[in-house]
Amino acid sequence: MALTLKSGFSFDYDNLFGEGKVTQADLDSYKDALKAAHEAMKVMRETGFIKAHLSKDGNPEKVYFSKLPYITEENGKLNLNSPASIQRLHDFTERIRNNVDAVVSLGIGGSFLGNKVLFDIFCGEFWNTWTVEKRNGLPKVYFSGQNIDPRRTGDIINHLKAMAAQKDGKYKVMLICISKSGGTLDTMSNFMVMLDALKKDEKIDVEVVAVTDPNMEKKTLLKQLAVDNGWESFAVPDGVGGRFTVFCEVGLSTAAVIGMDIEKFLQGAQDMDKACQNEDIFQNPAMLNAALKFIASEKYGRNIEVMMPYGDYLKSLSEWYIQLLAESLGKQFDKDGKEVCYGRTPLVAVGTTDMHSQTQQHQEGTLDKVVQFIKVEKWADDLVIPNVFPDTKKLADISGVTMSEALEVARQSNADALKSNKRFNACFTLPELNEYHLGELMYLLAMSVAYEGELSNVDAFNQPGVEAYKRIMGPKLQELKASK
Ligand code: PA5
């Protein structure tokens, strides 16, 4: 059983639905809740309203992520994607082409994870070792700010200085500092350390670009710095929470730096949004995915979701999903203030790598998981396993098979083995690993957590739990500074 869209994108839920799994009767028992969730999504799309959603300051806040796939003048008024904002991103690409040597994107959480997905998938591991020509004049790209780690930050600084020392003339580094709130410790500490160190190197020219809340009346600290120093700025719009920002100028700033096809990415998201407007659950990927996993958790105790794409460069997609699921659904109280301690726990896994580590637990451990596979149907550069040792039967037997075929046989075998032992699993298939299908997938996952928020009656768009440690950490840092 699979839901296949016209684009070829599919959601195979055969090992999650039916006899001994989530049943039709289960779905029927949530018929009214599903209808209400679908209505709520309609209202969200049209007005941005989500029942009981409050911002960090306790004020009602609109939710606009579902508007991001649409490039319209109207959306431009809300700092969402408009023809002008997309053109500005294209101009940004051309401004840095053959002009900037290296970009450091600084951010954490929603201001990092989606950007890393785009970079890993479209640039791969060796982008920074390629010649400028092979990168079409685009810069090397580094990520920082996603930890307060002196070792790695020092390593990046030293690496950039070494690169600068090898170049005739000045080495141009652009620091893209991304923070919606504009003052996140992890991001800003790295930013200050890096800016200070690079500015002191006479071979390096540093330019800063700020990506933050654009509100000019109540400026974030980063916005104020951008205004004071004349830095170029991009917007993190109101109503778009960190984990949904890959479709706004947060993610799109990295897309522009690496020359990705932004319109295709948004088109994939838009077409998925349209599919998710279908009232028929079996034609609506987000509603179906959310409903099956919600019921699998509530009724069958499968409250861990292992996100397991097959392919190395997809690992960061799994890491992005961790934040999306954890921050959206891990909530102590429901929308009526009742204590529920809800939330499926997400886990990162990669096939085939983790078949040699985690699969033992998935196959035989606690019956508390849904394994969600992601498969790429057609890989751009496939390799045939050659017959290098014809006299060694075991190796000769796998020759002639492509690596992508072997990868899929491994995934399919894993799915079959899990199924044979009552282990729930499902698979998203991307026909190819391109901007369009990635847009489809990331948007589907974002819309799914929105549906699941409605089904479980928790606010999928706040994250009050992350304030608890911040309240402790702030004074601790002050104490530390005072003691110096
Ligand atoms: O989802 C979220 O809101 C968080 O994970 C944020 O993205 C993260 O804390 C970074 O925040 P900011 O962009 O304000 O620096």
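Computed from a predicted model, the values in this text were never measured in an experiment. Whatever order the structure lists ligands and atoms in, that order sets their numbers, starting from 1. When a residue number appears, it is its place in the shown sequence, counting from 1.
Protein heavy atoms are absent from the 4.0 Å sphere centred on atom 9 (O) of ligand 1.
Considering backbone and side-chain atoms alike, T184 places an N or O below 3.5 Å from some N or O of ligand 1. Taking distance alone, with nitrogen or oxygen atoms compared against 3.5 Å, K470 stays at or beyond that limit from ligand 1. The shortest N or O to N or O distance between G182 and ligand 1 is not under 3.5 Å.
At a threshold of 4.0 Å, the pair K67-E74 does not count as salt-bridged, since none of the basic side-chain nitrogens sits closer than that to a carboxylate oxygen. A salt bridge does not link R344 with E298: none of the charged nitrogens is closer than 4.0 Å to a carboxylate oxygen. In this structure, E452 does not pair ionically with K293, as no charged nitrogen and carboxylate oxygen lie closer than 4.0 Å. The pair K200-D196 meets the salt-bridge criterion, since a charged nitrogen lies less than 4.0 angstrom from a carboxylate oxygen.
Between Y30 and F294, the ring-plane angle classifies as perpendicular under the 30° and 60° cut-offs.
Heavy-atom contacts of G109 reach the following atoms of ligand 1: 5 (O), 7 (O) (cutoff under 4.0 Å). In the vicinity of I108, heavy-atom distances shorter than 4.0 Å reach the ligand 1 atoms 7 (O), 8 (C), 10 (C). Near R243, meaning under 4.0 Å from any of its heavy atoms, are these atoms of ligand 1: 1 (O).
Under the 6.0 Å cut-off for aromatic ring centres, F373 and Y310 qualify, their centroids lying closer than that. A ring-centre distance under 6.0 Å is not found for W127 and Y313.
Closest protein heavy atom to atom 1 (O) of ligand 1: E327 OE1, 2.6 Å. Among all protein heavy atoms, the one lying closest to atom 6 (C) of ligand 1 is G110 N, 3.9 Å. Distance from atom 4 (C) of ligand 1 to its nearest protein heavy atom, with residue and atom name: Q323 NE2, 3.6 Å. Annotation: atom 3 (O) of ligand 1 to nearest protein heavy atom, Q463 NE2, 3.6 Å.
For the pair R45 and Y64, the cation-pi criterion (under 6.0 Å, within 45° of the ring axis) is not fulfilled.
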